[in-house]
J.: 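Would you mind keeping the following structure in view while I ask a few things?
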Amino acid sequence: MLADVNKNHLRFLMLCMIWGSTWIGTKAGIEAVPPLLFAGTRFTAAGILLLLYTLAKGEAASFKVQDGFRFAVVSILMITLCYGPLFWGMQYIDSGTAAVLEMSLTPIALLVFALVLNEEKLDGRRILAIVLGVCGLVVLFWPASADVSPPAAEAFPGASLWGGLAVASAAFTYGYGSVLARPLLRTYPALFVSGVTTLVGGIMLLIAALAFEPGAVSALSGDWGTVAWLGWFFLVIFGSLIGYTTFMRLLRDIGASRAGSYAFVSPVIAVALGAAVFAEQITAMDVIGIVVMLSGAYLAMSGVPATDATVLESEPDRKRPHEDTDNVPKCQLRAFTKQNQQCRGRLR
C-alpha cells in the first residue's frame with residue numbers, strides 16, 4: 001500500500017499545511033519586531049542549521065565554484081528581493097489587495113519564467129489551473145479590500161501605488177529565482193540548496209534591515225517577548241527548515257508552475273485556521289472562492305509523478321546526479337531514453 005503513495009502529493013499537502021499556518025508566527029513576530037529584521041534573523045538561522053546538517057552528512061563536498069554566482073542570484077531573488085519589498089509594500093496597501101497581488105501573481109510568474117527559460121512546456125491544463133486559482137483568490141480576498149475603512153493621508157505621494165508595485169514585484173523575483181534554482185537542484189541535494197539560499201538571502205535581509213529599517217538595531221537585543229520568540233521558532237523550524245526545503249524538492253521533481261499552486265491551497269488552510277483559532281466567520285463567497293481555488297490546485301497537481309526521479313521536461317535525457325537508476329521504475333527509464341513516447345507523456 002505504501003508503495004502506491006504519491007510522495008509528491010504528500011509533500012505538496014504538507015507544504016500547503018505549513019505555509020498556510022505560518023501567518024500565525026509572522027503575525028506574532030512582526031507585532032513586536034521590525035519585519036525585515038524578523039525575517040532576516042529567521043532565514044539566517046535556518047540557513048546555518050541546514051548547512052550544518054548537510055555538512056554533517058557530507059552532502060556539501062561536491063560544491064563547484066562556478067555555481068557560486070547562480071547560488072547568489074537565487075538567494076537574493078527568492079529571499080532578499082522577495083521578502084524585503086513584500087514587507088515594505090504591505091505597509092501602504094490593505095491586506096486583501098496584498099493577498100490577491102502576491103498569491104495570484106506567484107503561480108503566474110513561476111509559469112512564465114519556466115516557459116521563458118525552457119524549464120516547462122505550456123499546456124491547457126496548467127493555464128486553466130492558474131485561471132481558476134487566481135479567480136478563487138480574487139473571490140476570497142478582494143471583499144476584504146472593500147471592507148477597509150478609507151485610508152488616512154498617504155505617507156508620501158503615491159504610497160499605495162508604490163506599495164502595490166513592491167508587493168507585485170515580490171512574486172516575480174520569487175518566481176524568477178525559483179526557476180533559476182531548478183538547475184542547481186539537479187546537481188546538489190535540496191537541503192544544501194535550501195541552506196545556502198536561506199543563509200545568503202537572510203544575511204542580505206539583515207544588512208538591509210540594520211541599514212534602513214527603523215528600530216532594527218535596538219531590536220537586536222532580543223527583548224521580543226515570549227509570543228514573538230515562539231513565532232520565530234515556529235517559522236525557523238516549520239516555515240524554513242521543513243517548508244522551504246519541501247518546496248525545493250517539489251520544484252525539482254514536478255516543476256515550478258505545479259509547485260507554485262500551493263498558493264491556491266495555503267489560503268484555504270489560513271481561512272480554516274482563522275475560523276478555528278480566532279472564530280472568524282466563513283461566508284458563502286469564501287466557500288465559493290475556496291472551491292474554485294482547490295479546483296485549480298487539483299488540476300495543477302493531477303497526473304504528477306509519484307517518485308522523486310521525475311523526467312525533466314526540457315532535458316528528458318539528463319539524469320540527475322546521485323540518482324540510483326536501479327530503483328527507477330522501468331516506465332521512467334524508457335522516458336529518459338526516448339524509447340516510449342506514451343510513457344513519457346504520463347510522467348509529465
Side-chain angles (χ1 to χ4, degrees), residues 14-56 75-76 78-91 95 98-99 102-103 167 170 174 191-248 262 266-267 269-280:
M14 181 173 69
L15 178 67
C16 294
M17 291 290 294
I18 291 173
W19 281 359
S21 59
T22 51
W23 66 273
I24 297 177
T26 301
K27 182 178 179 181
I30 63 176
E31 288 181 351
V33 188
L36 290 186
L37 182 74
F38 190 71
T41 54
R42 159 201 171 182
F43 284 114
T44 301
I48 292 172
L49 292 174
L50 283 169
L51 287 179
L52 288 175
Y53 181 70
T54 55
L55 287 171
S75 303
I76 293 172
M78 292 190 70
I79 304 297
T80 312
L81 292 182
C82 173
Y83 287 89
L86 180 63
F87 283 136
W88 181 85
M90 287 181 66
Q91 300 175 87
S95 59
E102 201 271 333
M103 284 186 287
V167 171
Y174 188 81
L191 282 172
F192 180 73
V193 177
S194 299
V196 172
T197 53
T198 51
L199 177 60
V200 174
I203 290 174
M204 296 299 293
L205 271 178
L206 275 176
I207 293 173
L210 295 175
F212 304 108
E213 190 171 38
V217 175
S218 60
L220 283 176
S221 63
D223 186 19
W224 300 351
T226 303
V227 174
W229 274 112
L230 288 175
W232 186 87
F233 279 111
F234 178 81
L235 291 172
V236 169
I237 296 170
F238 292 96
S240 297
L241 294 182
I242 300 176
Y244 188 74
T245 302
T246 300
F247 176 74
M248 285 294 188
Y262 74 83
S266 293
I269 306 299
V271 170
L273 285 174
V277 178
F278 300 106
E280 296 178 352

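For clarity, every value in this text was computed on a predicted model and none was experimentally measured.
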J.: Taking CE in Met17 as the centre, count heavy atoms belonging to other residues, nucleotides or ligands within less than 6.0 Å. Is the count above 12?
T.: no

J.: Check the angle between the aromatic planes of Trp229 and Phe233 and answer parallel, tilted or perpendicular using the 30° and 60° thresholds.
T.: tilted

J.: Return the OG1 to CD1 distance between Thr22 and Ile269, rounded to the nearest 0.5 Å.
T.: 11.5 Å

J.: Does Leu199 have any side chain to side chain contact (heavy atoms under 4.5 Å, CB included) partners at least two apart in sequence or in another chain, and if so, which?
T.: Thr44, Ile48, Leu51, Ile203

J.: Specify the closest pair of heavy atoms between Phe43 and Gly202, including all atoms of both residues, with the distance to one decimal.
T.: CB-CA, 3.8 Å

J.: Which donor-acceptor pairs under 3.5 Å do side chains of residues 213-223 form with protein atoms, sequence neighbours excluded?
T.:
residue, atom, partner, partner atom, Å
Glu213, OE1, Leu36, N, 3.3
Glu213, OE1, Leu37, N, 3.0
Glu213, OE2, Leu36, N, 2.9
Ser218, OG, Gly215, O, 3.0
Ser221, OG, Ser218, O, 3.0

J.: Which heavy atom of Val236 sits nearest a heavy atom of Arg42, and at what distance?
T.: CG2-O, 3.7 Å

J.: Find the distance between OH (Tyr262) and CZ (Phe247) and round it off to the nearest 0.5 Å.
T.: 5.5 Å

J.: For Ser75, which residues count as a side-chain hydrogen bond (donor to acceptor under 3.5 Å, both in side chains) partner, sequence neighbours excluded?
T.: none

J.: Pairs of donor and acceptor atoms involving the side chains of residues 78-89, under 3.5 Å and at least two apart or interchain, shall be tabulated with distances.
T.:
residue, atom, partner, partner atom, Å
Thr80, OG1, Gly201, O, 3.0

J.: Taking all non-hydrogen atoms of both residues, which atom of Pro267 and which atom of Met103 are closest, and how far apart?
T.: CG-SD, 3.3 Å

J.: Distance check, rounded to the nearest 0.5 Å: Trp232 atom CH2 versus Ile237 atom CD1?
T.: 8.5 Å

J.: Of Leu241, Leu50, Val196, which meets side-chain contact (heavy atoms from CB on, under 4.5 Å) against Leu191?
T.: Leu50

J.: Could you pull out all residues at least two apart from Tyr244 that satisfy side-chain hydrogen bond (donor to acceptor under 3.5 Å, both in side chains)?
T.: Thr197

J.: For Ser21, what residues pass the side chain to side chain contact (heavy atoms under 4.5 Å, CB included) criterion, not counting sequence neighbours?
T.: Phe234, Leu273

J.: Measure the CG-OG1 distance between Leu235 and Thr41 for me, rounded to the nearest 0.5 Å.
T.: 9.5 Å

